[in-house]
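Only a predicted model underlies this, so the values are computations on that prediction, with no experimental measurement involved. We number each residue from 1, following the sequence as shown. Every heavy atom of this structure was used, including side-chain atoms; hydrogens, water molecules and symmetry mates were not.
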Amino acid sequence: MKAYRMHGLSKSQLDDVNHPEILFGDVLVAPEAAGVCGTDLHVLHEGIFIDFDRGLPVTMGHEVIGRVVEVPKMNSQSSLPADGLGPIRVGDRVVAEPVLNCGKCSKCLRGFPNLCFQWSHLGFLRDGVWAEIVA
């Protein structure tokens, strides 16, 4: 599949990449529309939030509307259809929260995921939404 990826400061291109693997807590989404904001430009041209030793290349973009194309397989111990994600179904239209909390640190466990110690972010710390399929 195709993805628009950053390879270095002010260096980006459309690449062929593998289909993303679905991890616990993820769904796979086919983007229908994706935004470009000032943060994307700062990431690309100034390298903010980029781990240059381990983080490149990275698929850019973090603002998206799309349709769910895959949900995790149901776990035998879960009564929820998407293994803890709630009633998310293939075909649902979704938007993504690009800030990804860990769910395990003391802030997350106390109900403050916005203060997560181990946060990640689509589009610069984890592959983002400028691709044919997004996790």
Side-chain angles (χ1 to χ4, degrees):
M1 73 171 198
K2 299 288 187 188
Y4 191 78
R5 297 173 57 84
M6 177 180 176
H7 288 266
L9 281 181
S10 299
K11 296 178 184 171
S12 58
Q13 67 188 43
L14 191 61
D15 291 334
D16 288 312
V17 298
N18 293 329
H19 194 274
E21 72 177 275
I22 192 165
L23 303 173
F24 181 80
D26 285 346
V27 296
L28 296 187
V29 173
E32 294 179 344
V36 178
C37 81
T39 303
D40 298 310
L41 299 176
H42 289 294
V43 168
L44 179 61
H45 297 298
E46 299 168 20
I48 65 165
F49 302 120
I50 295 294
D51 178 348
F52 285 94
D53 295 327
R54 299 178 302 150
L56 294 177
V58 65
T59 301
M60 296 189 68
H62 59 271
E63 298 174 351
V64 68
I65 297 169
R67 293 218 183 255
V68 175
V69 295
E70 185 179 339
V71 296
K73 302 293 184 249
M74 194 165 148
N75 182 324
S76 62
Q77 285 130 13
S78 174
S79 61
L80 296 174
D83 196 15
L85 294 174
I88 297 172
R89 303 269 194 256
V90 170
D92 286 351
R93 180 173 270 169
V94 295
V95 297
E97 167 55 62
V99 179
L100 308 171
N101 62 67
C102 73
K104 299 173 186 171
C105 72
S106 63
K107 296 296 184 183
C108 286
L109 293 174
R110 291 177 56 207
F112 300 103
N114 58 311
L115 301 175
C116 179
F117 293 127
Q118 302 297 320
W119 67 279
S120 188
H121 198 290
L122 293 176
F124 38 91
L125 297 174
R126 179 173 164 179
D127 281 335
V129 304
W130 294 350
E132 295 177 272
I133 302 292
V134 178

Interatomic distance, Ser106 atom OG to Leu115 atom CG [nearest 0.5 angstrom]: 9.5 Å
Roughly how far apart are Asp127 CG and Ser120 OG, rounded to 0.5 Å? 10.0 Å
Check against side-chain contact (heavy atoms from CB on, under 4.5 Å), Val68 and Ile88: CA-CA 8 Å; Val68 175; Ile88 297 172; 3.9 Å; yes
Please determine whether residues Val94 and Val99 belong to a single hydrophobic cluster, defined as Ile, Leu, Val, Met, Phe, Trp and Tyr linked transitively by side-chain heavy-atom distances below 4.5 Å. no
Might you work through the side-chain contact (heavy atoms from CB on, under 4.5 Å) test for Arg89 and Val71, ending with a clear yes or no? CA-CA 7 Å; Arg89 303 269 194 256; Val71 296; over 6 Å; no
One should read off an interatomic distance between Asn101 CG and Gln118 CD, to the nearest 0.5 angstrom, of 11.0 Å
Once rounded to the nearest 0.5 Å, what's the spacing between atom CD1 of Ile50 and atom NE2 of His42? 13.5 Å
What is the minimum heavy-atom distance between Ala131 and Thr59, and which atoms define it? CB-CG2, 4.1 Å
Show me the pairs that pass salt bridge (Lys or Arg N to Asp or Glu O under 4.0 Å) and involve residues 99-109, at least two apart or across chains. none
State, yes or no, whether a side-chain contact exists between Val129 and Leu122 at a heavy-atom distance under 4.5 Å. yes
Atom NE2 in His45, atom CG in Asp40: separation rounded to 0.5 Å? 10.0 Å
Hydrophobic cluster membership, Ile65 vs Val36, 4.5 Å side-chain cutoff: no
Lys2 backbone acceptor or donor facing Glu132 side chain under 3.5 Å: yes
State, to 0.1 Å, how close His7 and Leu56 come at their nearest heavy-atom pair, and which atoms those are. O-CD1, 3.7 Å
In one Ile/Leu/Val/Met/Phe/Trp/Tyr side-chain cluster, 4.5 Å: Val29, Met60: no
Does CG belonging to Asn18 count more than 12 external heavy atoms closer than 6.0 Å? no
Inspect the surroundings of CD in Glu32 and state if more than 12 heavy atoms from other residues, nucleotides or ligands are less than 6.0 Å away. yes
Reported CZ-to-CG distance for the pair Arg126 and Leu100, which is rounded to 0.5 angstrom: 5.5 Å
Those residues at least two apart in sequence (or on a different chain) that pass ring-ring contact (aromatic ring centres under 6.0 Å, His included) with His121 are His62, Phe124
Glu46 and Leu9: which non-hydrogen atoms are nearest, and at how many Å? C-CD2, 3.5 Å
Closest non-hydrogen atom pair between Tyr4 and Ser12, with its separation: OH-OG, 2.5 Å
Are Met6 and Ile48 connected in the hydrophobic side-chain network, where two residues link if heavy atoms are under 4.5 Å apart? yes
Expected output: side-chain Arg5 to main-chain Pro57 donor-acceptor under 3.5 Å: yes
Do Ile22 and Val17 share a hydrophobic cluster (ILVMFWY, side-chain heavy atoms under 4.5 Å, transitive)? yes
What are the two closest non-hydrogen atoms of Val134 and Pro31, and how far apart are they? CG2-CG, 3.5 Å
I'd like to know if the side chain of Gln13 and the backbone of Asp15 have a donor-acceptor N/O pair within less than 3.5 Å. no
Looking only at heavy atoms, the pair that brings Ile133 and Pro20 closest together is O-CG, 3.7 Å
